[in-house]
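Step one of this worksheet: look at the structure below.
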Amino acid sequence: MSGRDPFAVLEPLARALLAEALVATRRQSFADATALPRHARLAAALDAALGGHAGGAAGNVDATARRIRDTAPALDPHVALLLRCGRALPSVLAGEVAGTDLLFPRGTMDLVAPLYDGTEWSDRFNARLAEAAARAAVALAAAGRRPVRVVEIGAGTGGTTRHVLPALARAGVAVDYAYTDVSPGFLAHGRRRFPAVAGPELRFAVLDIERDPGGQGFAAGSADIVIATNVLHATARIADSLGHVAAMLAPGGVALVNEITRPSLFATMTFGLLDGW
């Protein structure tokens, strides 16, 4: 699938699963299938995506999944997660199953970690961000920033960190690196994945970018580089989150943002099940 948008490849499976889920609800729309206010926007997005064409898309889920796995084996983790979440959609909308239990069974990252790391697209953009971080660190060090203070927000499973840390080490400048996330579970995962690294000084801290960083141990002007991969779009008010990023940055600092730029049915049917999406 070299060069192909993975979300486009997954779209037929997502639509087939969506149609199957609506049939399972025995309702005319997903909006009718949920009485939970927190799922109202999710239900509306699902109805808009399906567009009233449930009958034509239902019934070919397994065949579509097999075809994608045969032609794009790198997307096997995406297919597995989409199948798991899509077939549980009626239960999620009914309030019987929590999205967190689907994406993070028993609190593990096993289902989502492969999505952020090791695929052609994720590695391509993470590598570009890592190169930009290394260039910025060299420039900031030359301007007298020693060590260069890096804060990664929403570090999650460490897919971006895996690329950035070696790039900074190769740059040969002193770096203090803060691996942060709103979830202590992701920090625990990061500690296991990066127990000891050569190069940057690595520390772990809880940081909710939706709140004032100053009250969380990140004073104004305390970061030279802020890295954010696929996290800002998942905050309640992106403008406020960007304001908090700006507040953390020292004069001349750099924010490096790696974001999806358009909605996809895959994301809506998986991570869209989380209350904070």
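- In this structure, the side chains of Phe125 and Thr229 stay at 4.5 Å or more apart for every pair of heavy atoms.
- When atom types are taken as modelled, the side chain of Thr268 and the backbone of Ser264 share a donor-acceptor pair closer than 3.5 angstrom.
- Atom CD of Gln28 is surrounded by 12 or fewer heavy atoms from other residues, nucleotides or ligands within 6.0 Å.
- Here the closest heavy-atom approach between residue Ala137 and residue Leu168 is recorded as CB-CD2, 3.8 Å.
- Looking at every heavy atom in both residues, Leu22 comes nearest to Ser29 through CD1-C, 3.6 Å.
- Although no hydrogens or angles enter the test, the distance criterion places no donor-acceptor pair under 3.5 Å between the side chain of Asp76 and the main chain of Arg69.
- For residues 139-156, the pairs satisfying side-chain hydrogen bond (donor to acceptor under 3.5 Å, both in side chains) are Arg145-Asp224, Arg149-Asp224, Glu152-Thr161, Glu152-Tyr177, with sequence neighbours left out.
- The closest side-chain heavy-atom distance from Met109 to Phe104 is below 4.5 Å.
- Under the 4.5 Å side-chain criterion, counting only non-hydrogen atoms from C-beta, Pro213 is in contact with His244.
- Between Arg84 and Asp101, no side-chain nitrogen of the basic residue sits less than 4.0 Å from a carboxylate oxygen of the acidic one, so the salt-bridge criterion is not met.
- In the hydrophobic clustering (ILVMFWY side chains linked at under 4.5 Å, chained through shared members), Leu232 is joined by Val151, Ile153, Leu207, Ile209, Phe218, Val226, Val231, Ile238, Leu242, Val245, Met248, Leu249, Val257.
- Between His78 and Phe266 the shortest heavy-atom distance is O-CE1, 3.5 Å.
- Pro6 and Leu75 make their closest contact through CB-CD2, 3.7 Å (heavy atoms, listed as atom of the first residue, atom of the second, distance).
- Side-chain N or O atoms of Asp240 include none that pairs as donor or acceptor with a backbone N or O of Glu210 at under 3.5 Å.
- For Asp181 (side chain) and Gly156 (main-chain N/O), a donor-acceptor pair under 3.5 Å exists by modelled atom type.
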Note to self: Between Leu42 and Leu273, is the side chain to side chain contact (heavy atoms under 4.5 Å, CB included) condition met? List the steps.
What the structure shows: CA-CA 7 Å; Leu42 170 63; Leu273 306 188; 3.7 Å; yes
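- Two residues are said to be in side-chain contact when any heavy atoms from C-beta on lie closer than 4.5 Å; Leu115 and Phe271 meet this criterion.
- Nearest approach of Gly221 to Ala250, heavy atoms of both residues: O-CB, 3.4 Å.
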For residues 87-97, which side-chain donor-acceptor pairs fall under 3.5 Å, sequence neighbours excluded?
{"from": "Arg87", "atom 1": "NE", "to": "Glu20", "atom 2": "OE1", "distance (Å)": "3.0"}
{"from": "Arg87", "atom 1": "NH2", "to": "Asp62", "atom 2": "OD1", "distance (Å)": "3.0"}

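- Rounding to the nearest 0.5 Å gives a distance of 8.0 Å between CG of Asp47 and CG of Leu18.
- The minimum heavy-atom distance between Gly99 and Leu274, with the atom names listed, is C-CD2, 3.7 Å.
- His189 contributes a side-chain N or O that, together with a main-chain N or O of Thr157, makes up a donor-acceptor pair within less than 3.5 Å.
- Counting heavy atoms from C-beta outward, Leu82 and Thr270 have side chains that approach closer than 4.5 Å.
- Atom CZ of Arg191 has more than 12 neighbouring heavy atoms from other residues, nucleotides or ligands inside a 6.0 Å radius.
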